[in-house]
2 protein chains.
Amino acid sequence: MTIKEIAKLANVSLGTVDRVIHKRGKVSKKTEEKILAIIEKVNYQPNIYARGLVLNKSYTIVALVPSFIEGEYWEMPSKGIKMAEKNLSQFGVNLNILYFDQNSVPSFNEKVDELLKLKPDGVILAPVINFEAVKLTKKLESGKIPFSLIDSNIPNSKALSFIGQDAFQSGKLAAKLLCSEINSQGTISIISIKNNENHNKTLQQRIEGFKDYIYNSNFIANITLIENNIHLGTANWEENLMQACTPTNNTVGIFVPSSMIHHVAKCIEANFDTMSNIKLVGNDLIANNVKYLKKGVINYLIGQRPENQGYLALESFYKHLVLGKSVPQKKYLPLDIITQENLMYYNDDVV
Amino acid sequence: MTIKEIAKLANVSLGTVDRVIHKRGKVSKKTEEKILAIIEKVNYQPNIYARGLVLNKSYTIVALVPSFIEGEYWEMPSKGIKMAEKNLSQFGVNLNILYFDQNSVPSFNEKVDELLKLKPDGVILAPVINFEAVKLTKKLESGKIPFSLIDSNIPNSKALSFIGQDAFQSGKLAAKLLCSEINSQGTISIISIKNNENHNKTLQQRIEGFKDYIYNSNFIANITLIENNIHLGTANWEENLMQACTPTNNTVGIFVPSSMIHHVAKCIEANFDTMSNIKLVGNDLIANNVKYLKKGVINYLIGQRPENQGYLALESFYKHLVLGKSVPQKKYLPLDIITQENLMYYNDDVV
DNA sequence: GTTTAGAATGTGTACGTACACATTTTTAAT
DNA sequence: ATTAAAAATGTGTACGTACACATTCTAAAC
């Protein structure tokens, strides 16, 4: 059923039907009612191909995410965003990715300027440098540019959507898995390894969740918790890490709330004769972590589908701008538990 | 980038480019190569709106899957297929779902007749009744009707795609989780619970994977394996099940390779004072299983994303028929490990 | 050097919609 | 009744592709 046929049925021209459909006015009440009745009756559905062809709008989406070197965590959200672009570019969604240095506020602001110059129809933002990110969201809001957040949220922001994970729950899950492996007794070391100076809410929440699980367990009396902080790149960080890994008393498990557990695994592997019974639980399926998971040095990794996060972020703009559909304001992706046994089917899992 | 622009770049007409793109021949080798090079270079993507408009085809896809009552496993693939239709109907993908009774070959064949009468452009098939399913695939092949398989595969069939899980690996994973929970010692009971008489390859493969893991472990000496079969609906099946659950010797763990572990959980719960330390690992996030996972009676469930399977099956036809893209011949979905701690984020996870 | 078949290439139209622009009809003021 | 303004309605073109049909070129046969 086409506009043409409706026009014929109503004894009017295409243009009149068109005006009614788009509520452009300039139609007498009588004809409007007649046409609406026919549209209703024949259940007219516009042909989305024809509509898409003639509208042929294209949208510029700019993604602002941390730069990375191969194999680092932030490669994965980028990968997902790019994959989404591959599928959605045919619908007029055009992507620009801008990378900033997590450790440099000037770098971030430089990219913000670039971003604004591009006059985007939508922005995907990883608010890693929280304070500056908030400033950007204010600017976007006042410029009526919609934005989606990935990885971590900015509460009370007017984001089109937030796509990430429940970090607190992720920590609880890590604790559960580690406790199961160590038979719920002994000393557990939480080692926070970071490569930048930003306040990292995600790490903090994972640690809180981890502690929460243990403090509310019925075997809390059998567990001792130790916490360590390592800053990659600082003087002696490797020695400090080695120290943190070395079994004190009765260390049986280590939890690293960032994607950096491979550094711990490397330590353990180097001293495998004395440390082989220490269980490791960490986050994120980056290549280095996967390597040690396969070797059995790391026991569990928790995945948060970062590629999927990126994919969904761009897709949210497609749904919003192209299809005119509503998108969920908040989306927590599943916390995947990865072991040697199910690792192989999590690798090409973007969509 | 349009055909017109490519034609201009190559100094030829639209028609010539068109012939190259559609491999209609009647183009000299030299120009063909030139055009292909340009297409490659500019990464030409056809405008799907224009294409859709001119082709204006609609496709009938028929899905043939087992019937179910609410909360049963087969509800989930159906849900996924329907969700995909919602998204894809606007592109001309029309869906017909036919439900057959898993326990009735005549019911299946009746639906096959119905299916063929619909003259589908594609078929989604759950080959639960293996022998009959194979016959159908032969018919479809000779009628040049493409088909996709979900849930379990028919090796050597000419399916457009198979979407399912690696059942053997799923069994291995189950064994790993159960052994971790029971500290790698004691008696494990494998209880096969079925509601039909079909030879179920998936169950068999899961059991084989389960055994494989244990037989190749270094703690095999500490484990005893017992196997039981329960047919729902037969006389005394409940008594038999109770018997199978009752701890003999030193039963510390139970594995159910089907989605029916909630029946076991019900038994355990009813005798929780004496059986609370028996660990349970099963498959599939159906409502009844989830209930006992939340209560802590079931320790781990392994998910295989059945909604996703259904979604991808219909999407594979969209990609094949509408977009003309190639689709992966085989797709194993991840084996999700579900516990109390990460359950909440696996529920709305269709796409 | 013509002729001619066949290969190679070019041209024109349709698909259904959106929107600018052109034309006709109605209404109100004189 | 005439005219101008406003309201209502009609017309034409573009979007990018697929495919039928028309035209031009090439090489072989005489």
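Since this is a predicted model, take the numbers as computed values, not measurements. Below, chains carry the letters A, B, ... as their sequence lines are ordered, and counting in each starts from 1. The basis for the numbers below is simple: all heavy atoms, side chains too, and nothing from hydrogens, waters or symmetry mates.
A:E141 pairs by the salt bridge (charged side-chain N to carboxylate O under 4.0 Å, His left out) definition with nothing, not counting sequence neighbours. Partners of B:S67 by side chain to side chain contact (heavy atoms under 4.5 Å, CB included), not counting sequence neighbours, listed by chain and number: B:Y99.
Between A:D18 and A:R24 the shortest side-chain heavy-atom distance falls below 4.5 Å. Looking at A:V42 and A:E5, their side chains never come closer than 4.5 Å, going by heavy atoms from C-beta outward. Annotation: side chain of B:L88 is not in contact with side chain of B:F317 (no heavy-atom distance under 4.5 Å).
Contacts between residues 6-33 of chain A and DNA chain C, defined by a heavy-atom separation under 4.0 Å, are made by A:D18, A:H22, A:R24.
Using modelled atom types, no side-chain atom of B:H320 and backbone atom of B:S316 make a donor-acceptor pair closer than 3.5 Å.
Of all nucleotides in DNA chain D having an atom under 4.0 Å from a heavy atom of chain A, the first and last in 5' to 3' order are D:dA8 to D:dG16.
Under a cut-off of 6.0 angstrom, the local environment of CG in A:D113 is crowded, with over 12 non-hydrogen atoms contributed by other residues, nucleotides or ligands.
Between A:Q102 and A:I129, the shortest heavy-atom contact is O-CD1, 3.6 Å.
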Report, one line per pair, each donor and acceptor closer than 3.5 Å where one atom sits in a side chain of residues 43-60 of chain B; sequence neighbours left out.
from	atom 1	to	atom 2	distance (Å)
B:N47	OD1	B:Y49	N	2.7
B:N47	OD1	B:A50	N	3.0
B:Y59	OH	B:L321	O	3.2

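Within the helix from C:dG1-D:dC30 to C:dT30-D:dA1, the inter-axis angle between the opening and closing five-pair segments is 60°, rounded to 10°.
Ionic pairing of A:K111 and A:E114 is present here: one or more N-O contacts between side-chain nitrogen and carboxylate oxygen are shorter than 4.0 angstrom.
In this structure, A:L53 reaches the bases: a heavy-atom distance under 4.0 Å links it to at least one base atom across the strands shown.
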